[in-house]
Protein chains: 2
Amino acid sequence: MSKSIDNPECLFCNTRMHSFFNVLDKSQLQLLTQHKSCAIFKKGQYVFNEQGLPHGLFCVNNGKIKLSTIGFDGKEQILRLAKSGDVIGYRALISNQRYHCSAIAIEDSSVCIIDKNFFFQTLENNNKLLFEIAKKIGNDLKIAEEHIVSLSQKNVRERVAEALLFLKATYGFAPDGQTINITLNREEIADYVGTSTESTIRFLSEFNHEKIIEISGKKIKIINLSKLTKTANLMD
Amino acid sequence: MSKSIDNPECLFCNTRMHSFFNVLDKSQLQLLTQHKSCAIFKKGQYVFNEQGLPHGLFCVNNGKIKLSTIGFDGKEQILRLAKSGDVIGYRALISNQRYHCSAIAIEDSSVCIIDKNFFFQTLENNNKLLFEIAKKIGNDLKIAEEHIVSLSQKNVRERVAEALLFLKATYGFAPDGQTINITLNREEIADYVGTSTESTIRFLSEFNHEKIIEISGKKIKIINLSKLTKTANLMD
DNA sequence: ACTAAAATATGACAAATGTCATTTTTTAAT
DNA sequence: ATTAAAAAATGACATTTGTCATATTTTAGT
């Protein structure tokens, strides 16, 4: 199980401004603090589970979470990635449906859990918040549909390059300014790209030999960003 | 350009009950009628265009519309399909962003266009409607992410079978109870499946020889639904 | 530091899919 | 009904990608 920890004040949450809770005012935030709890999820733990019913909303306070689903031969498909300040679990909650994907901690993460009933009460009186959530889901849809085009039309080499750019866009660089600030194993990268682990390894090795990236274990440095962008067949 | 026609009453719109406008009451529907116009889009005409800014919301009164985007080598990707009663263009409108896909009439269609400002005014006073739209976008997201898993993990044969089931699920059967009630050419099916036109043709021919379907021109009859479902690697 | 287990890497080959050329069929215009 | 154009079908082949086997490297636990 996840481990409960001190319940931080939403008002002073440094990641809140990036999430859709930035539309709440001071008193609403104080109320929010009273209706949520915070927990630590160790690497590999499930924040929520595919097929489960939502009982609350999850706010990533600190850490990294993957949203993934198990496909047809037990193969995992990574659908989205969440970082500090991201809210997850809103789609199923809003629709009052079962989760269609699981949320799994990629590294130890602290996550606030907002009570479902309180959340719905807040929504009823807060059109603005609902609007923000609708926009957020809409943005997810746009990104998902871009992923569809990529999967349909790009080859594996292009998609592996694209995956690295996606990881960089999501989690940025480590303090050295070059190393992608997330540690996924090759299988997980493959599970995002939609290919086999071996193919992913092959293309990463290729990029390494072509001095586009520099690999040391699971750490990936982007040496030549513009070449990587060209390799991904993206124009900017 | 599209051709304006008589403006039907939303109150008596027989397709409305299937869309998220079913949460509006009688007076709201009468008001809605005053703030929309209806137009005919001939087969091939654009209802809205990728990259364009939304000026209203589109409600398919009658007909069939494809939502698609142009990918990397000018290849089209069909993302969604709309039928009578479906509303389209809500994602970009809600987010106040440019459309990320085009809406093109697959056959002659009549489409009501609801004024943007009126729509936003209605939303402000109607939490329930906004809620329905959020749910609708959430459902689109779920479907898109299922499509991602399919594109990542299934082979082309399975995806072609899946495409036929998708067409059947969306548009149902013609009066004969077997013929899929939509006419797409092979290229368009390929543009949904994410494969080449030739591969699509090959697998359709295969299904034909295996007596799973029966092809006569663009008309496709599903002869053996359970076998088609198995071919798609779907379990139900 | 040592060892077993897991992850990564690589080669060889098979299978799936795309591409191009060509034929056949269908569609639409006169 | 005739004909030209477009779409569908098919074959041959090239390319891409997956699979399996095996070697190498890294990681984690003692």
Problem set entry | Stepwise salt bridge (charged side-chain N to carboxylate O under 4.0 Å, His left out) check, B:E214 with B:K219 | CA-CA 8 Å; B:E214 206 174 285; B:K219 295 286 167 203; over 6 Å; no
For this session: List the steps, then state whether salt bridge (charged side-chain N to carboxylate O under 4.0 Å, His left out) holds for B:E76 with B:K66.
Result: CA-CA 11 Å; B:E76 188 172 350; B:K66 64 176 174 184; 3.1 Å; yes
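Between the P atom of C:dT10 and the CG atom of A:N208 lies a distance of 9 Å, rounded to the nearest Å. In this entry the distance linking CG of A:N185 with C1' of D:dT25 reads 15 Å, nearest Å. For the pair A:I220 CD1 and C:dT8 C1', the computed distance is 12 Å after rounding to whole Å. Atom CD in A:E198 sits about 12 Å away from atom P in D:dA21, given to the nearest Å. Rounded to an integer number of Å, the gap from A:K154 NZ to D:dT17 C1' is 18 Å. For the pair A:I189 CD1 and C:dA9 C1', the computed distance is 14 Å after rounding to whole Å. Separating the CZ atom of A:F203 from the C1' atom of D:dG18 is a distance of 11 Å, rounded to the nearest angstrom. Rounded to a whole Å, the CZ atom of B:R159 is 14 Å from the P atom of C:dA16.
Within the nucleic acid shown, A:T197 has no heavy atom closer than 4.0 Å to any nucleic acid atom.
Checking the phosphate oxygens (OP1, OP2) of C:dT17, no side-chain nitrogen or oxygen of B:S199 falls inside 4.0 Å. Dashed line: the shortest gap from a side-chain N or O of B:K218 to OP1 or OP2 of C:dT26 is not under 4.0 Å.
When each of D:dA9, D:dT17, C:dA9 is scored by its nearest atom to the side-chain atoms of A:I201, the top-ranked nucleotide is C:dA9. In the set C:dT17, D:dA9, D:dT17, the nucleotide with an atom closest to the side chain of B:N155 is C:dT17. Among the nucleotides D:dA8, D:dT17, C:dG18, the one closest to any side-chain atom of B:R186 is D:dA8.
Cation-pi geometry between A:K154 and B:F72 is met: the NZ or CZ atom falls under 6.0 Å from the ring centre, inside 45° of the normal.
Between the side chain of B:R202 and the base of C:dG18, no donor-acceptor pair under 3.5 Å is found.
Judged by closest nucleotide on DNA chain C, A:L204 is the one of A:L204 and B:G217 placed further toward the 5' end.
Residues passing the salt bridge (charged side-chain N to carboxylate O under 4.0 Å, His left out) test with B:K64 are B:E107, sequence neighbours excluded.
Checked by atom type and distance alone, the side chain of B:D176 pairs as donor or acceptor with a backbone atom of B:Q178 at under 3.5 Å.
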